[in-house]
*Asks:* 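Dumping the structure here so I can ask a few things about it.
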Amino acid sequence: MTSTKRPHVVLEDMAANSAPFRSTQRAPRSCIPCSTRKVKCDKSEPCLTCVRRGESASCIRETVLIRGEPKKWQESTGNPPQVEDLRRENEQLRDELRKPKSGQLSHSTPSTPRGPRNSHSLENSDSIEDALWDSIRFKAVPSGSTIGSWEEAVLPSRSASDHLIAYDRTWNCWVHYAVEYPQFQQECDAFMDALESGQALESYDHHWKAVYFSVLCAALLMMEEEEATCLVASEHVDMDVSSLCRNWYDAAIFSLHRADFMRVPHIGTVQCIAVLGMCFNNLGDAELCRHMWNIALRIAQKLGLNTPRSEHAGSLGTEAQHRLWWTLTICEWLGVPHEPTSLEEVDFEVPLPRPHVTTRNGGKTVVDPAHYHVFMARTSIVYNRFCQSLQRSPLSSENVVRAADEELALVIDTLPDHLQPELEAHGRIREPELSEPWIKWQRFDITLVLLHHRIRINRTLQRHWLSSPGEFAWARTVCVQSALDIIWISRNWDQPVSMRKQWALSFHLFVAAILLLREWQSSLDGRSLEYKEAIEAGLSILEQVQSHNAIARHAVRILKENMYVTF
């Protein structure tokens, strides 16, 4: 009789009948092919790695002996957990998080939670934030590169390449400042000419290809969904938008490895990593992001980008060098999760970016997007000085917090009119947006960055106000109102969801929501309903973008877990 079993079921039965089994405490979740090849397995069935290799049928789990009984992972999981089981497990995990790590003193302060369901104690905001990054590190690790040879890299058509480069020039280049226009556009044209004339992709400069593929990836990743889908469809590739993004992301890193970037200091490595800074966290590669950023900083210093003028920066002009260096500095000092930095102000002598002042026919001044870069640089200086001061004088935290908050206010004063957050309601800045659509996005992002860092600075005193209600009420008020404003602005912004795909925007919402969750639990001000509605609004926005970035995806899960306990 012909067997009616599916192929992978037959293989499972074959594995179960093979003996002897090895003894272990827990059935492995990784499949046998991934374990044998010693590659990452995403634990799904079949896993993504086996699917990509065309070996879905052989994606099975090992049968092992657990307390003398043969089991494999599916069998060892038992019945689906009930609500009480999940609640009990959550409480156990929270108890573990509250315990001080080995070699560290506990900084948690007991507090009496108030409000609905006060039998549960929510961790402080820092603990939940740490849980987000731990989740991304250990649960969102990409399952290996999709590129093992140049033949696997997807090359765009000339028209698609032009479209993506034009998008980068309008929307992305003033975030990463890794390339100079129109020079980079000319280099892309020369690259396409070389390919059309028969030059092999493998023979083209590896460092330049790393920059090129990183720009393609970032552009497609940030592009509006409808525009990106149409562009991918026009290429007639058997991929969706996310798969093509991943292909170009992996192609950029593959190019770096082929360039031997760890041994050969080159400006192309710094440029590539600066661009990929927009992509790492969206794609769930937070750990690689940290390593790569350290490499970029070291190479940049080796090349002299930390000086007023480097002779080893390729064709980058002096101002372009300054802007690239500040991109690295901004992301180092404002990086999350925050870690002690090895980059100090005394380590470099690079002036702030200088926005160009140009005029069109008729004498109208053209707005330079570099004002946004200057703002981010100034904010990074304030926050880095705050962190350093807090480390040097922990007992003077109140004065340090007040000083940093005042410095942020001075940063706002340095903003040009078209970026002033409060001006939007007065309609005074609509005209520039007609010709420069990115102005509205810059102003929106600047507002959220300011509010976010007011939270991060004033939240330093959170453990004090939680243990002694009424103490540092001014800092608590700043945090609560900033969190409510972040969610309100995000909720009422008139841009489509596809314009909110950047991981940082999701992180701002997450930080605001977890602070309000903690306030909800200990609320004595009668604003519990307001906090609850704001948290749910923030969660709703994160759910809309969770398919676009890993930060939002993990933030949604963690918020729901804590909302279940709190509400």
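None of these values were measured; they are calculated from a predicted model. Hydrogens, waters and symmetry mates play no part in the numbers below; they use all other heavy atoms, side chains included.
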*Asks:* Which label fits Tyr383 and His453: parallel for a plane angle under 30°, tilted from 30 to 60°, or perpendicular past 60°?
*Replies:*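 Ring orientation of Tyr383 relative to His453: perpendicular.
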
*Asks:* For Val545, does its backbone N or O pair with a side-chain atom of Lys501 as donor and acceptor, under 3.5 Å?
*Replies:*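 Looks like no, no N/O pair under 3.5 Å.
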
*Asks:* Could you tell me whether the side chain of Met292 reaches within less than 4.5 Å of the side chain of Leu256, counting heavy atoms only?
*Replies:*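 Yes. Closest side-chain heavy atoms under 4.5 Å.
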
*Asks:* Return yes if some donor-acceptor pair links the side-chain N/O of Glu543 with the main-chain N/O of Val556 below 3.5 Å, else return no.
*Replies:*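 Side chain of Glu543 to backbone of Val556: no pair is present.
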
*Asks:* Checking the side chain of Gln442 only, and the main-chain atoms of Pro369 only, is there a donor and an acceptor separated by less than 3.5 Å?
*Replies:*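 Checked: pair present.
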
*Asks:* Between His554 and Phe510, does the ring centroid distance fall short of 6.0 Å?
*Replies:*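 Ring centres of Phe510 and His554 not closer than 6.0 Å.
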
*Asks:* Would you check if the side chain of Trp503 reaches a backbone N or O of Met278 as a donor-acceptor pair within less than 3.5 Å?
*Replies:*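 Looks like no, no N/O pair under 3.5 Å.
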
*Asks:* Does the side chain of Phe280 reach to within under 4.5 Å of the side chain of Tyr249, using non-hydrogen atoms?
*Replies:*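 Yes. Closest side-chain heavy atoms under 4.5 Å.
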
*Asks:* Checking Ser540 side chain against Glu536 main chain: does a donor-acceptor pair fall under 3.5 Å?
*Replies:*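 Not confirmed, Ser540 side chain does not pair with Glu536 backbone.
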
*Asks:* Are any of the side-chain heavy atoms of Met223 and Trp171 separated by less than 4.5 Å?
*Replies:*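 Not in contact.
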
*Asks:* Is the backbone of Ala131 close enough, under 3.5 Å, to the side chain of Ser135 for a donor and an acceptor to pair up by distance?
*Replies:*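 Not at all, since once roles are kept as given, no pair shorter than 3.5 Å links the two residues.
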
*Asks:* Taking all atoms of both residues into account, what is the closest heavy-atom pair of Gln462 and Leu515, and its distance?
*Replies:*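 Nearest heavy atoms, Gln462 then Leu515: NE2-CD1, 4.4 Å.
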
*Asks:* Verify side chain to side chain contact (heavy atoms under 4.5 Å, CB included) between Val275 and Asn172, making sure each step is shown before the conclusion.
*Replies:* CA-CA 9 Å; Val275 179; Asn172 286 355; over 6 Å; no

*Asks:* Would you please name every residue forming a side-chain contact (heavy atoms from CB on, under 4.5 Å) with Thr460, sequence neighbours left out?
*Replies:*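 For Thr460 the side-chain contact (heavy atoms from CB on, under 4.5 Å) partners, ignoring immediate neighbours, are Phe386, Leu390, Val401.
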
*Asks:* Could you check whether any side-chain heavy atom of Phe375 comes within less than 4.5 Å of a side-chain heavy atom of Thr414, counting everything from C-beta outward?
*Replies:*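 No. Closest side-chain heavy atoms not under 4.5 Å.
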
*Asks:* Between Trp133 and Phe507, is a ring pair (Phe, Tyr, Trp, His ring centres under 6.0 Å) present by the stated rule, with each step listed?
*Replies:* CA-CA 11 Å; Trp133 292 106; Phe507 186 65; 5.5 Å; yes

*Asks:* Is any side-chain heavy atom of Leu517 closer than 4.5 Å to one of Leu559?
*Replies:*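 Yes, close enough: below the 4.5 Å cut-off.
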
*Asks:* Contact between Trp488 and Trp493 at the side-chain level, heavy atoms closer than 4.5 Å - yes or no?
*Replies:*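 No, their side chains stay 4.5 Å or more apart.
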
*Asks:* Taking all non-hydrogen atoms of both residues, which atom of Ser310 and which atom of Gln321 are closest, and how far apart?
*Replies:*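 In this case the closest contact between Ser310 and Gln321 is N-OE1, 2.9 Å.
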
*Asks:* What I'd like to find out is whether the side chain of Val374 reaches to under 4.5 Å of the side chain of Trp326, using heavy atoms alone.
*Replies:*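 Contact flag for Val374/Trp326 side chains = no.
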
*Asks:* Go through the steps to decide whether Asn384 and Ser380 satisfy the test side chain to side chain contact (heavy atoms under 4.5 Å, CB included), and finish with yes or no.
*Replies:* CA-CA 6 Å; Asn384 181 60; Ser380 72; over 6 Å; no

*Asks:* CD/Glu180 to CZ/Arg323 distance, rounded to the nearest 0.5 angstrom?
*Replies:*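 So the CD of Glu180 and the CZ of Arg323 are separated by 8.5 Å.
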
*Asks:* Within this structure, what is the NE2-NE2 distance for the pair His373 and His176, rounded to the nearest 0.5 Å?
*Replies:*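 His373 atom NE2 to His176 atom NE2 measures 10.5 Å (nearest 0.5 Å).
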
*Asks:* Rounded to the nearest 0.5 Å, what's the gap from SG on Cys479 to CG on Asn458? Could you check?
*Replies:*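 The SG atom of Cys479 sits 5.0 Å away from the CG atom of Asn458.
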
*Asks:* Could you go through residues 329-347 and list every donor-acceptor pair under 3.5 Å that involves a side-chain atom there, pairing it with any protein atom two or more places apart or in another chain?
*Replies:*
| from | atom 1 | to | atom 2 | distance (Å) |
| --- | --- | --- | --- | --- |
| Thr329 | OG1 | Trp325 | O | 3.0 |
| Thr329 | OG1 | Trp325 | NE1 | 3.1 |
| Glu332 | OE1 | Arg290 | NH2 | 2.6 |
| Glu332 | OE2 | Thr341 | OG1 | 2.8 |
| Trp333 | NE1 | Leu343 | O | 3.0 |
| Thr341 | OG1 | Leu343 | N | 3.0 |
| Glu345 | OE1 | Arg385 | NH2 | 3.0 |
| Glu345 | OE2 | Arg385 | NE | 2.7 |
| Asp347 | OD2 | Glu344 | N | 2.8 |

*Asks:* Tell me, do Phe348 and Thr307 make a side-chain contact under 4.5 Å, heavy atoms counted?
*Replies:*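 Answer no - side chains too far apart.
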
*Asks:* Any idea how His371 and His418 line up, ring-wise: parallel (<30°), tilted (30 to 60°), or perpendicular (>60°)?
*Replies:*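 The arrangement is perpendicular - the two ring planes meet at more than 60°.
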
*Asks:* Is the backbone of Tyr167 close enough, under 3.5 Å, to the side chain of Thr170 for a donor and an acceptor to pair up by distance?
*Replies:*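 No: the side chain of Thr170 does not pair with the backbone of Tyr167.
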
*Asks:* Got a list of side-chain donor-acceptor pairs under 3.5 Å for residues 402-413, not counting sequence neighbours?
*Replies:*
| from | atom 1 | to | atom 2 | distance (Å) |
| --- | --- | --- | --- | --- |
| Asp405 | OD1 | Arg454 | NE | 2.9 |
| Asp405 | OD2 | Arg454 | NH2 | 2.6 |

*Asks:* Using side chain to side chain contact (heavy atoms under 4.5 Å, CB included), reason through Val350 and Leu305 one step at a time and then give a plain yes or no.
*Replies:* CA-CA 8 Å; Val350 180; Leu305 283 188; over 6 Å; no

*Asks:* From Ile514 CD1 over to Ile128 CD1, what is the distance, rounded to the nearest 0.5 angstrom?
*Replies:*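 Ile514 atom CD1 to Ile128 atom CD1 measures 5.5 Å (nearest 0.5 Å).
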
*Asks:* Assert yes or no for the condition that the ring centre distance of Phe472 to Trp465 is strictly below 6.0 Å.
*Replies:*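 Phe472 vs Trp465: aromatic centres not under 6.0 Å.
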
